[in-house]
Amino acid sequence: MEILDGKKISNDIKAEIKAEVDKMKERGEKVPHLAAVLVGNDGASLTYVGSKVRSCQRIGFESTLVQLPNTTSEVELLKKIEELNENDAIDGFIVQLPLPPQIDEQKVLLAVNPDKDVDGFHPMNFGKMALDMSTFIPATPFGILELLDRYQVETQGKHTVVIGRSHIVGRPMSILMGRKGFPGNSTVTLTHSRTKNISQITTQADIIISALGVPGFLKAEMVKDDVVIIDVGITRVPDESREKGYYITGDVDFENVSKKASYITPVPGGVGPMTIAMLLKNTLLARERHRNKQ
């Protein structure tokens, strides 16, 4: 069994991006600039955005954090997005989800300029991805592809089972694993909360990508020997015996499933760090595209 070490690979990717940024600086070029919009003060979102800002500093990107109160109206947020769309200094930006209930998430995602949509959530970018055209791939699926690529995990002709159909992970992952090329060329089954007899499907899988958000959902008896496990789930489970008062766990019963797996991602330290690394990679791609256009 080999651990797919997202922490290590994400650090490698950040070092590669930093080297690119250093070359840009030497040539006197503008360095990539990533902005993040955060509405409200959700704890997990604050942590996530904070680590994005620190990562930008580490690799030499410029970064802007736009913090808006929880009471922000949809109109105010759309106005802020329009400002970011029109600001030529900013190459890419993200709107941190979830948003407060008074704001329609779909309206917001549609308002982002597809050329600056480094999260890859805009329907135009999603459509291009589905058609195998060059575009921004959502950061988490992009990170999973990169892990499979760097560890040279065979995907061709394999049966990949995706658990979860979210627009952010499950659905794009099912499309990407079935595309021509590597990683891809696998036969994909997309399962979700309404799938019947899910164990019958998962026991036939060569690769399982779980993005359900249910702690310990995938048990050892649900997988076959030598399976490849990608655990996208990340849940805070309350635990008074721990210093923080909780522990973080994934969708997979790691202790038991890892005994049967050929490759497995840990939680934390697997897919999570890759998501931020690929967001930075998308921002670098956005900068290069804007430079080519100019």
Side-chain angles (χ1 to χ4, degrees), residues 7 10-11 13-15 17-18 20-22 24-25 29-122 125 136-140 142-143 168 234 236 248 268 271-290:
K7 209 168 185 180
S10 71
N11 284 330
I13 292 164
K14 286 176 189 171
I17 297 172
K18 187 179 186 306
E20 283 292 315
V21 173
D22 289 344
M24 287 177 168
K25 286 177 178 171
E29 290 175 17
K30 178 190 177 305
V31 299
H33 187 156
L34 173 67
V37 180
L38 181 62
V39 184
N41 50 8
D42 174 71
S45 295
L46 280 166
T47 303
Y48 190 47
V49 169
S51 68
K52 286 172 184 171
V53 170
R54 285 192 300 277
S55 293
C56 283
Q57 289 166 347
R58 210 173 108 196
I59 61 172
F61 279 18
E62 288 180 23
S63 69
T64 299
L65 174 57
V66 179
Q67 268 191 291
L68 301 170
N70 212 33
T71 51
T72 301
S73 71
E74 191 178 277
V75 171
E76 287 168 322
L77 179 57
L78 291 171
K79 189 168 176 286
K80 181 53 71 178
I81 288 169
E82 194 48 47
E83 284 172 23
L84 294 169
N85 283 338
E86 290 173 4
N87 184 345
D88 289 339
I90 287 168
D91 296 295
F93 69 93
I94 60 145
V95 180
Q96 185 65 37
L97 304 178
L99 291 167
Q102 71 272 19
I103 297 171
D104 182 339
E105 272 183 19
Q106 269 190 325
K107 260 193 202 171
V108 168
L109 296 179
L110 278 167
V112 176
N113 178 346
D115 284 341
K116 293 189 176 191
D117 168 42
V118 287
D119 255 338
F121 294 162
H122 193 283
N125 288 327
F136 297 121
I137 297 174
T140 301
F142 196 7
I168 294 171
I234 185 155
R236 284 184 179 192
I248 287 176
V271 175
M274 293 300 296
T275 299
I276 291 178
M278 302 323 280
L279 177 74
L280 299 171
K281 187 144 189 179
N282 274 344
T283 307
L284 180 66
L285 292 171
R287 176 71 223 124
E288 285 167 359
R289 275 197 208 167
H290 296 154

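Keep in mind that the numbers below use all heavy atoms, side chains included, and drop hydrogens, waters and symmetry copies.
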Would you mind writing out the side-chain donor-acceptor pairs for residues 279-286 within the sub-3.5 Å range, not counting sequence neighbours?
| residue | atom | partner | partner atom | Å |
| --- | --- | --- | --- | --- |
| Asn282 | ND2 | Val118 | O | 2.9 |
| Asn282 | ND2 | Ile137 | O | 3.0 |
| Thr283 | OG1 | Leu279 | O | 2.9 |

Are the side chain of Asn85 and the backbone N or O of Ala111 linked by a donor-acceptor pair below 3.5 Å? yes
Which pair of heavy atoms, one from Leu34 and one from Cys56, lies closest together, and at what distance? CD2-SG, 3.8 Å
Using side-chain heavy atoms (C-beta onward) and a distance below 4.5 Å, is Pro32 in contact with Met24? yes
For Asp115, what residues pass the salt bridge (Lys or Arg N to Asp or Glu O under 4.0 Å) criterion, not counting sequence neighbours? Lys293
Atom pairs and distances, donor-acceptor, side-chain atoms in residues 42-50, under 3.5 Å, two or more places apart:
| residue | atom | partner | partner atom | Å |
| --- | --- | --- | --- | --- |
| Asp42 | OD2 | Ser45 | N | 3.0 |
| Asp42 | OD2 | Ser45 | OG | 2.9 |
| Thr47 | OG1 | Gly43 | O | 3.0 |

Pairs in or reaching into residues 89-105: which pass side chain to side chain donor-acceptor pair (under 3.5 Å), with residues at least two apart or in two chains? Lys30-Asp91, Lys52-Gln96, Asp91-Arg287, Asp91-His290
Qualifying residues under salt bridge (Lys or Arg N to Asp or Glu O under 4.0 Å), relative to Lys7, sequence neighbours excluded: none
Considering only residues two or more places apart or on different chains, which pairs with a residue in residues 53-78 satisfy salt bridge (charged side-chain N to carboxylate O under 4.0 Å, His left out)? Glu74-Lys107
Taking all non-hydrogen atoms of both residues, which atom of Ile248 and which atom of Arg236 are closest, and how far apart? CG1-CG, 4.2 Å
Using atom types as modelled and distance alone, determine if a side-chain donor or acceptor of Lys14 lies under 3.5 Å from a backbone N or O of Ser55. no
In terms of heavy-atom contacts, Leu65 and Val53 come closest through CB-CG2, 4.5 Å
Please report the closest heavy-atom contact between Lys116 and Leu84, naming both atoms and the distance. NZ-O, 2.8 Å
What do you reckon, is NZ of Lys79 surrounded by more than 12 foreign heavy atoms closer than 6.0 Å? no
Separation between CG (Leu38) and CG (Asn70), nearest 0.5 Å, reads 9.5 Å
In terms of heavy-atom contacts, Thr140 and Thr275 come closest through OG1-OG1, 3.0 Å
Does Lys80 form a side chain to side chain contact (heavy atoms under 4.5 Å, CB included) with Phe93? I'd like the steps, not just the answer. CA-CA 11 Å; Lys80 181 53 71 178; Phe93 69 93; over 6 Å; no
Would you check, one step at a time, whether the test side chain to side chain contact (heavy atoms under 4.5 Å, CB included) holds for Leu97 with Phe121? CA-CA 11 Å; Leu97 304 178; Phe121 294 162; 4.3 Å; yes
Student check: side-chain heavy atoms of Ile13 and Ser10 closer than 4.5 Å: no
Heavy atoms, side chains only, cut-off 4.5 Å: are Pro114 and Asn125 in contact? yes
